[in-house]
Amino acid sequence: MSVERKIVVVPKQQSGRVLQELRLPHPRSGMPASYYADIENEVLLEAATVDMNGRRSWLGDGWVSGDGSASLMTPTDPLFIYLGLLTTMCMGGGDEWKYVDVDSLRLETNNVMDAVSIGVLLDMARVKRRALSALCDVREVGGDTVARIEPTKVLAWLRRKCDPGRLPSVLGSIVDAGVDGELARLAGQREMALLVSEYLPGYWTTRLFEEFGGFARVSENEQMLVKRVQAVVFDAPESYALGVATPGSGSKLSTKQEKPKTAKEKQLEKAALKAKSITSFFKKKESSA
């Protein structure tokens with residue numbers, strides 16, 4: 001019986017640890033996605049599958065796998081998960097936020113919320129304390145602890161996340177060298193806001209960009225940021241799906257068209273068609289009667 005091999009790339013710190021698979025709602029879409037928890041260290045890893053669609057393979061010590069796909073596990077801040085959950089629970093009418101018992105999340109069981117996974121997240125005590133401190137107004141009511149979203153705290157936390165110093169080095173050259181330092185800083189800050197917004201409910205994406213004034217100066221000088229679009233060149237796979245345990249959740253990318261052949265390539269192709277095989281230069285010896 002053959003065993004299907006799967007290539008999983010994990011941070012070095014978690015490579016020798018037992019990881020528990022969780023199904024949690026993605027903070028932006030609210031749809032189920034796969035995460036893995038290093039419970040002992042209270043680290044949450046986001047799982048993503050890169051599907052190479054048969055274009056790559058893996059070669060190991062004594063084995064070859066024709067499936068060149070890989071599952072990547074990258075650390076993610078659990079507070080993004082908390083923010084998504086609390087936004088859904090606490091949002092009232094308009095900009096009003098209601099108090100809720102955070103532990104009542106354990107009772108949620110539907111297509112988006114898995115009670116066991118939510119329970120594991122809530123049992124990460126240090127993470128929970130940090131989330132309530134950074135995102136909420138917390139009160140004691142009748143011996144129970146209740147909390148609600150505190151917008152000023154959330155926006156302060158998000159602003160810290162958008163520090164240009166956090167910008168991945170691969171996106172570091174997003175502006176031309178001649179751009180002044182303040183515009184470059186704002187451009188880097190906008191890039192970070194765009195990255196952070198991939199993990200935010202729509203409400204907080206809007207509030208975050210309002211907090212930065214919509215990056216008006218960056219927009220006015222967009223022509224000076226021409227490198228932004230070409231900052232990263234990927235050896236793109238056919239699909240990129242969030243959540244290794246949710247097949248089909250990733251959107252398919254359109255297949256790239258083949259690069260047109262150059263005149264020289266066409267000429268060589270024609271010459272190859274006209275060329276004779278090497279055996280044609282040797283006459284077959286006639287057998288004597």
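Side-chain contact check for L24 versus D114: every heavy-atom pair is 4.5 Å or farther apart. The side-chain heavy atoms of Y36 and Q20, taken from C-beta on, include no pair separated by under 4.5 Å. The shortest side-chain heavy-atom distance between V102 and L86 falls under the 4.5 Å cut-off.
Formation of a donor-acceptor pair under 3.5 Å by the E42 side chain with backbone atoms of A125 is found in this model. E150 contributes no side-chain N or O that, together with a main-chain N or O of D137, makes up a donor-acceptor pair within less than 3.5 Å. Here the side chain of S117 pairs a donor or acceptor atom with the backbone of R23 at under 3.5 angstrom. With hydrogens and angles disregarded, no donor-acceptor distance shorter than 3.5 Å links the side chain of K98 to the backbone of R148.
Distance check, rounded to the nearest 0.5 Å: CG of L22 to CG of L44 gives 6.5 Å. Distance check: F80 CZ to L135 CG gives 9.5 Å after rounding to the nearest 0.5 Å. Expressed to the nearest 0.5 Å, how far CG of L195 lies from CZ of R166 amounts to 12.0 Å. Note that NE2 of H26 is 11.5 Å distant from OG of S34, once rounded to the nearest 0.5 Å. Taking OG of S197 as the start and CG of L208 as the end, the distance is 7.5 Å to the nearest 0.5 Å.
Summarising the geometry of P27 relative to Y35, their closest heavy-atom pair is CD-OH, 3.6 Å, with the distance given to 0.1 Å. Residues L45 and L19 come closest through the heavy atom pair CD1-CD1, 3.9 Å. Heavy-atom minimum distance, V100 versus C90: CG2-SG, 3.6 Å. Heavy-atom minimum distance, V10 versus M73: CG1-SD, 3.7 Å. Annotation for L121 and Y82: closest pair O-OH, 3.7 Å, computed over non-hydrogen atoms. In plain terms, the two heavy atoms of P25 and L85 that are nearest each other are CG-CD2, 3.7 Å.
Hydrophobic clustering (side-chain heavy atoms under 4.5 Å, transitive across Ile, Leu, Val, Met, Phe, Trp, Tyr) keeps V116 apart from M31.
In the hydrophobic clustering, V141 connects to Y99, V146, either directly or through intervening members, whenever side-chain heavy atoms lie under 4.5 Å apart.
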Practice item. List the steps and the verdict of side-chain contact (heavy atoms from CB on, under 4.5 Å) for E40 and R17. Key: CA-CA 9 Å; E40 182 181 354; R17 298 191 175 278; 3.3 Å; yes

Exercise for review: Apply ring pair (Phe, Tyr, Trp, His ring centres under 6.0 Å) to the pair F209 and F212, showing each step before the final yes or no.
Suggested key: CA-CA 5 Å; F209 276 78; F212 288 114; 7.6 Å; no

Point to revise | V154 and L83: CA distance, side-chain angles, deciding distance, side-chain contact (heavy atoms from CB on, under 4.5 Å) verdict | key: CA-CA 8 Å; V154 173; L83 180 59; 4.0 Å; yes

Practice item. Mind running side-chain contact (heavy atoms from CB on, under 4.5 Å) on E211 and L155 for me, showing each step along the way? Key: CA-CA 8 Å; E211 185 76 4; L155 291 172; 3.7 Å; yes

Check your understanding: Between R185 and E182, does a side-chain contact (heavy atoms from CB on, under 4.5 Å) hold up when you go through it step by step?
Key -> CA-CA 5 Å; R185 187 189 68 81; E182 178 60 14; 2.9 Å; yes

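The pair R130-D77 meets the salt-bridge criterion, since a charged nitrogen lies less than 4.0 angstrom from a carboxylate oxygen. A salt bridge links D103 with K128; the closest basic N to acidic carboxylate O contact falls under 4.0 Å. By the 4.0 Å N-to-carboxylate-O rule, D163 lies too far from K161 to be salt-bridged with it.
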Would you list the atom pairs, donor with acceptor, under 3.5 Å between side chains in residues 200-207 and any protein atom, with sequence neighbours excluded?
unit_1: Y203; atom_1: OH; unit_2: D95; atom_2: OD1; d: 3.2
unit_1: Y203; atom_1: OH; unit_2: R207; atom_2: NH1; d: 2.9
unit_1: W204; atom_1: NE1; unit_2: T87; atom_2: OG1; d: 2.9
unit_1: T206; atom_1: OG1; unit_2: G202; atom_2: O; d: 3.2

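Counting only N and O atoms by type, the side chains of S104 and D101 include no donor and acceptor under 3.5 Å apart. Judged purely by distance below 3.5 Å, without hydrogens or angles, the side chains of Y199 and E46 pair a donor atom with an acceptor atom.
Within 6.0 Å of the CD atom in E140, the count of heavy atoms belonging to other residues, nucleotides or ligands exceeds 12.
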